[in-house]
Amino acid sequence: MAGPPARRIVGAEVPIPCSDKLRWIDLTVPSAAAPASPSDPFVCVPPRAASGCHIIPSGDSQYYLLWRIHEEHQNVLEVIELDASKEFPSSGLQLVFQEGRRPGEYRLYVLTVSGVALLCHLHSPFSYVSGSVMHQDDIVEFNLQTHAQSAKITAVTAKPGSIVIGFSNELRDDVGIGRLWNLMSRARTVGPVQDIVAAVVNERDLLFVLHLDGHLRIWDNRTKLLNYNVHSNDIEGHPSRLWVGEADDDEELISLAVLHQAVVQDCDHVAVYGFNFSAGESLLFSPESSISNIPLLEGKLVDLKIGTDKLWILKEFGPMLYEILQYDTETETEKICSYVLQEDAISEQLFQSSDNALDDLVWTADSMFSSLKGWSQTASATAFHWKKFSARYLRNWCWNNRPFGLLLDNNNEVFGLIRKGSFSLFRCLEGVEMLIYGSPDELRSIDDPGMNLLGDISDCELLNEVLICMGHIHNMLGRSSTAIYYESLISSAISSDDIASQIVKILETGFSPQSSSSLVTLLGTDAYLEKKQVSHKSQRKFSVEMLLSFHKLQSRSTSWSAVFDVIEKFMTCLNTGINVQEYESKRVCTVNSVLLVQATSQVARTMFECAFDLFLFLNYLVGVGGQVSLLQSDVARIKLKLLPMIQDIMGQWIVLHFVGISPTSPPTIEDFSYQLSFLQLGKADELSLQRKLGCSDFTLACLLDFPKSLGAVLIRHGQYESAQNLLRLLETYLNNEKVSHAVQDADNACSVYLHLNGFCLLMLAHDEANIILRESKVHDSIRCFFRAASGHEAPKALQKFSLETGFQVSGDCRSSSLWRLHYYEWAMQIFEQHSMSEGACQFALAALEQVDIVTDLDNGIETESLPETAAMIKGRLWANVFKYSLDLKHFRDAYCAIVSNPDDDSKYICLRRFIIVLCELGETKVLCNGEIPFAGLVEKVEQELFWKAERSDLSSRPNLYKVLYSFEAFRSNWRKAAAYMYRYYVRLNREGNAGGSRQFPDTLQERLRALSAAINALELVDPSFAWLDSTFEADDQISPSKRPRNLLMENSAFGTNSELSRLQFCVDIEILEKEYLLTEAQYMLITVKSRFKFSESQSIDSLMEILISEKLYDLAFTIVLKFWKESAMKRELEHVFSAIAQQCCPNRADKGRHLTESQLLSLPSSEDDAWDDKTKSIALTQQLQGSCHWETLELYLEKYTELHPRLPVIVAETLLYTDPEIELPLWLVQMFKTNKAGSRISWGMSGKEADPAALFRLYINYGRHAEATNLLVEYLESFASSRAADVLHRKKMSAAWFPYTAVERLWCQLAEMQRAGHSVDQCDRLRKLLDGALRNHLQQVVVDSKDVLSAVGGGQGMEGQRT
């Protein structure tokens, strides 16, 4: 079998945007018939994917009704209504049947697999609600199984008003169409019906019927017009499908196509028949036909369409591999052409066109970027994952977009493809495209007006050789280099000039990858070595082929200038041909328009690749110029003319491609003003536009009709990222325009580019989440605005973009300085609007500089043009500088802006704001650490701080009273520092609990800190000035515009502070210390028992009772020593020790002293249950060591006895009174028996206030007779048993004293007890002991008295003898 003829590409598929994103409206079609058995369906047509297109006239226009059936969902019919002059529909209709069906025409004729014929009257496909059920009135149902005909159905079609069905049994040849349906007849039989097609010929509805035995019959109602046997042409295979072309009434010709399926292994054939007919009252067909046989060498036929002179076949020749072939039926020789499908375009974009395409990309990129840090580590991993992802993506895309069938509209020359998930049309290739996709040898055969610029055959030969050289370059590099260069133009990461130079270097020296390890990881060791060797051979082959081509060019031309002339003519063909005019931008949203955009982007990509190959050819030619006799003049022409021209062409095509494929961005949600601008009544198109922005299929080209300023239009619609990328492309070719255009025009374009690019960068920075990228974009935006303002022609160039950026200057600016002032103020405002204080601050400073320049001009004309005075402008701008510096937390710069402000009112407003912001940010240390000098503003700062402190809540942070304290302390103003802390204490005292009776630990602790700070500060003041006024001097400095806080002022615990707050007197350190002690007492109590509530009527005495009851003895003693002096102090000490002593009596009858009603503590309320018990864990720093009460009592007695010697007596009396049976501790008794020096009292019982005699009296007073007797006996015996050395001392006058009166009382009490009968034996024993001791003592006294008298008498006699 002969091989297929050569195939030339004549068209490319153009997908319809949004056709893959339809929203389906489900509509259920009910049926009363029972479903057929899946194993034995009544309809024998095998299930397959099917589709169709019906052209429905509508007035002067027409629309298309597209339908399709999926192979896996045979019971679902999808219907789409398409009007090319309108937008593509957003929804379609899904008819859901109970079982699979075979569709007819519209009206919708349906035949289910169980043999139920349905006629559905469809309304507009968009008038149904998804999930609804079709109304019974819109359905006509007929069950064929109830009919007498019992054969299986093999074919079905429909025509207006009827449905035509073919059966599997043999038919009897009869003249009536009724015999077609197997009615009884004696005529000869024909094979079963294989296919039926209804068509209109000469305004008559005809039926074309194909039988299994090869008979092809044409019927007009019941009249048979033709009977033709297709087997008569010796075409192998049995006929299975029939297609009928559109009849040409003028030529009286109709074409039919029959598919002959091979029975064994031979290929299928398509036979095309042409029948002539004669129109008249009776339609006659010629029994003979022209015939053309088309073998399907590989693959199977999916669909076929017949045109006027062409035939299109959709074939599947592999798993998810399809092709569309076009056959020219008019020419004698079969001319086969093909189309570029989406599969090919997508596989190329994903580098999946071959197994090594992605490896070639990595190989090329490694040769270019091997010097970049990090490339080798990431290239292999990225390529590996991308290869897996792209392969999976392409496979899934091909499966979900399998071709179902072709669509054809001969009248409008529309040819398209219905896919599983989308729809598309085909376009013809442009002239240069045909040259690119085809062979250079076809140059002279291309019929395109744009290609007729070449003069003669020699020019065609030269261009043909240039195209061959470009082909060598393309084959050498592949698509990878083009893709990398394109990306460098879109992205600013790497310069496109650097990429171009690297690509040319590869052409000259070959691929030289440096990162062998990463390539080995990706390719494998063997594949890497093989790839390296193949690349080396390819480079050598390329160099030889290029040199041979260059020599051919030289041999066919008189000089290189002739070659360059041909190249210039070819460049004219490559040009976009767009006339730059002023257009009003308009949206492009219809099906025709979006298809135009898609087709333009495809053409732009192809033309860009061609121009890039020519660009590389010229660069390579310059590199090898010495080898091909290239003159310097030729090199200059290439560099100065040809390369700028081709770069300009590439720039035009890449811009068209960019706007055609780049999706729009959704409007910023936070941009309220932008959203509000479209909420206008009567502007439905604007609202529709807002809904489309951000859709992937709504590209930038849909926003405009290619006006002059593309970037401005994109900015107007909020497409900032796309506009910025577009402007970057324009910047790449801006220098090339300077070569051929006036410098002034280039400067204008540069200013416009910088202005728009700066605005785009600003908008992008506003939405950037990454901080580093945001700052980078802000800096670039600032740079662009400053550069834009520096252009000499900027005032004229930028006046047209007020709508896009908002910059507009009213009136004429007579000088550039005045214009720059307005420009910088505008830039300052937009940076401020987007909360970018850094840029706003820079432009505010730049505007201040321009104010100085304007005011320094000799003439006053510009000054008069200012809307305000120079001082007012400076004041406003310095205030802005202050605000922006404060936002940036540049506090020193903010202070400099304050002092630089010439407007006093503005200066003080800024100063107040400065203080407020520092307080809000918690940066008040800036005020206090001397970082800012506040020259001449100290009083104002102090005044503002105090004014704010008085009107701030005490719980606010930072505490401004503490700030004032630090502010004054840094300046050594200790008296003021103390005054502010005392003021803080007073407010805490008044407002700390807002009228409640409960004191909180944190509030009391703050009061302690405030008092401590005030005391410490006053300690540093000269004693003569170490006092404060109780009513602070600044109390009366209240702003009339703001009333002070109205809080309860008399809330002071124990009633000690409310009087102080209402009276004016001097507060010195002593008063502060007393306040400190009282506050500390409250704090200690609240930490011990959080449920304490203090009443205002409670006094210091009550406080002492509470402290003692809570065992806070140290604090109680401190208060006693601070608040009482002399006898009052001793009285309070006795009271405290008495209370402590009571704690040592576990058997006391009364556990505590009864307090008066006014001294009772308040009972806890119900709200105390919610009190946080965490405060109970606060440690008592004042608690004494040891847990024993006796140790506590002993410790304090030893400490305070010197201050009040009678304290042991009070303690002993309290103990004896509280517990009559208690035994006094030995250490307490010893305190009575020792003197001040600590030695024992052995000469009688007299001594200090706490002497043995006092202890003896206490024993007697509290009935401790045994202890009293033993104590007396002890001291009497001690007196009697003096040492020999002490005898003389004992015999002196009044050498010892005993409480004889108390002894007498003891004797009497013992006697009374005996008489009363109480402890008679014990009393008797004690009296005897006492009697004996007293007798011995008295006898000793008598003896000692006599010895004294003797001694006195003897002494007088000796004295007399001396005299």
Side-chain angles (χ1 to χ4, degrees), residues 13-27 49 51 53 63-73 76-96 124-131 320 341-343 345-346 349-350 390 392-405 407 416-426 587-602 659-667 684-685 687-703 717 719 722:
E13 184 181 3
V14 182
I16 302 177
C18 298
S19 63
D20 57 342
K21 299 178 181 178
L22 285 168
R23 178 180 58 86
W24 295 106
I25 300 173
D26 295 333
L27 180 63
S51 64
C53 173
Y63 64 93
Y64 301 91
L65 194 69
L66 307 174
W67 61 267
R68 63 189 173 198
I69 301 173
H70 297 273
E71 184 176 355
E72 57 270 23
H73 300 291
V76 178
L77 174 67
E78 296 178 349
V79 182
I80 301 99
E81 192 177 64
L82 176 63
D83 189 344
S85 61
K86 297 180 181 179
E87 295 184 13
F88 191 85
S90 60
S91 59
L93 186 64
Q94 274 190 342
L95 296 171
V96 182
S124 172
F126 314 111
S127 62
Y128 295 97
V129 178
S130 183
M320 293 183 292
L341 297 180
Q342 284 191 75
E343 287 85 345
I346 293 176
Q349 293 176 8
L350 297 175
S390 55
R392 188 181 301 113
Y393 176 86
L394 180 62
R395 183 170 60 254
N396 291 334
W397 187 94
C398 292
W399 173 257
N400 294 321
N401 289 274
R402 302 192 308 274
F404 278 7
L407 64 90
L417 181 63
I418 301 176
R419 293 178 174 271
K420 178 182 179 181
S422 61
F423 303 90
S424 57
L425 300 181
F426 290 92
R587 289 176 303 282
V588 185
C589 299
T590 65
V591 174
N592 286 334
S593 299
V594 295
L595 284 172
L596 176 61
V597 170
Q598 291 289 317
T600 303
S601 64
Q602 290 180 356
V659 298
I661 65 169
S662 299
T664 55
S665 302
D685 54 342
L687 296 176
S688 176
L689 171 65
Q690 289 298 294
R691 289 191 294 268
K692 290 184 176 66
L693 289 178
C695 297
S696 59
D697 297 313
F698 192 72
T699 62
L700 302 176
C702 298
L703 296 174
H717 292 283
Q719 306 302 307
S722 300

CZ of Phe426 to CG of Leu341, rounded to nearest 0.5 Å, is 5.5 Å

Value for CH2 (Trp67) from CD1 (Ile80), rounded to nearest 0.5 Å, stands at 11.0 Å

Look at Lys86 together with Glu81 and state whether they make a salt bridge at an N to O cut-off of under 4.0 Å.
-> no

Residues Lys420 and Arg68: closest non-hydrogen pair is O-CZ, 3.2 Å

Sidechain-backbone polar pair: Asp20 side chain, Ser422 backbone, donor-acceptor under 3.5 Å = no

Kindly compute the distance separating CG (Leu66) from CD1 (Ile16), expressed to the nearest 0.5 Å.
-> 7.5 Å

Considering only heavy atoms from C-beta outward, does the side chain of Tyr393 approach that of Leu350 to under 4.5 Å?
-> yes

Answer yes or no: is there a side-chain heavy-atom contact under 4.5 Å between Glu78 and His70?
-> yes

Side chain of Ser601, backbone of Ile661: donor and acceptor closer than 3.5 Å?
-> no

Between Pro15 and Ser424 the two heavy atoms that sit nearest each other are CA-CB, 3.6 Å

Output yes when a side-chain donor or acceptor of Gln598 lies under 3.5 Å from a complementary backbone atom of Val14, and no otherwise.
-> no

The reported gap from CD in Glu71 to CZ in Arg402 (rounded to nearest 0.5 angstrom) is 6.5 Å

So how far is it from Ser51 OG to Ile69 CD1, rounded to the nearest 0.5 Å?
-> 9.0 Å

Between Phe88 and Ser19, is any pair of side-chain heavy atoms under 4.5 Å apart?
-> yes

With a 4.5 Å limit on heavy-atom distance, are the side chains of Leu22 and Phe423 in contact?
-> yes

Provide the closest heavy-atom pair for Asn401 versus Gly421 in the form atom of the first, atom of the second, distance.
-> OD1-C, 3.8 Å

Closest heavy-atom pair and its distance - Ser85, Asp83 = OG-OD1, 2.9 Å

Taking all non-hydrogen atoms of both residues into account, name the closest pair between Ser91 and Ile25 and its distance.
-> OG-CD1, 4.0 Å

Quiz item: cation-pi between Arg395 and Trp397, 6.0 Å / 45° = no

Hey, is the main chain of Ser130 close enough, under 3.5 Å, to the side chain of Gln94 for a donor-acceptor pair?
-> no

Under a 4.5 Å cut-off applied to non-hydrogen side-chain atoms, are Trp24 and Val79 in contact?
-> no

Smallest separation among heavy atoms of Gly405 and Leu417, with atom names = O-CD1, 3.3 Å

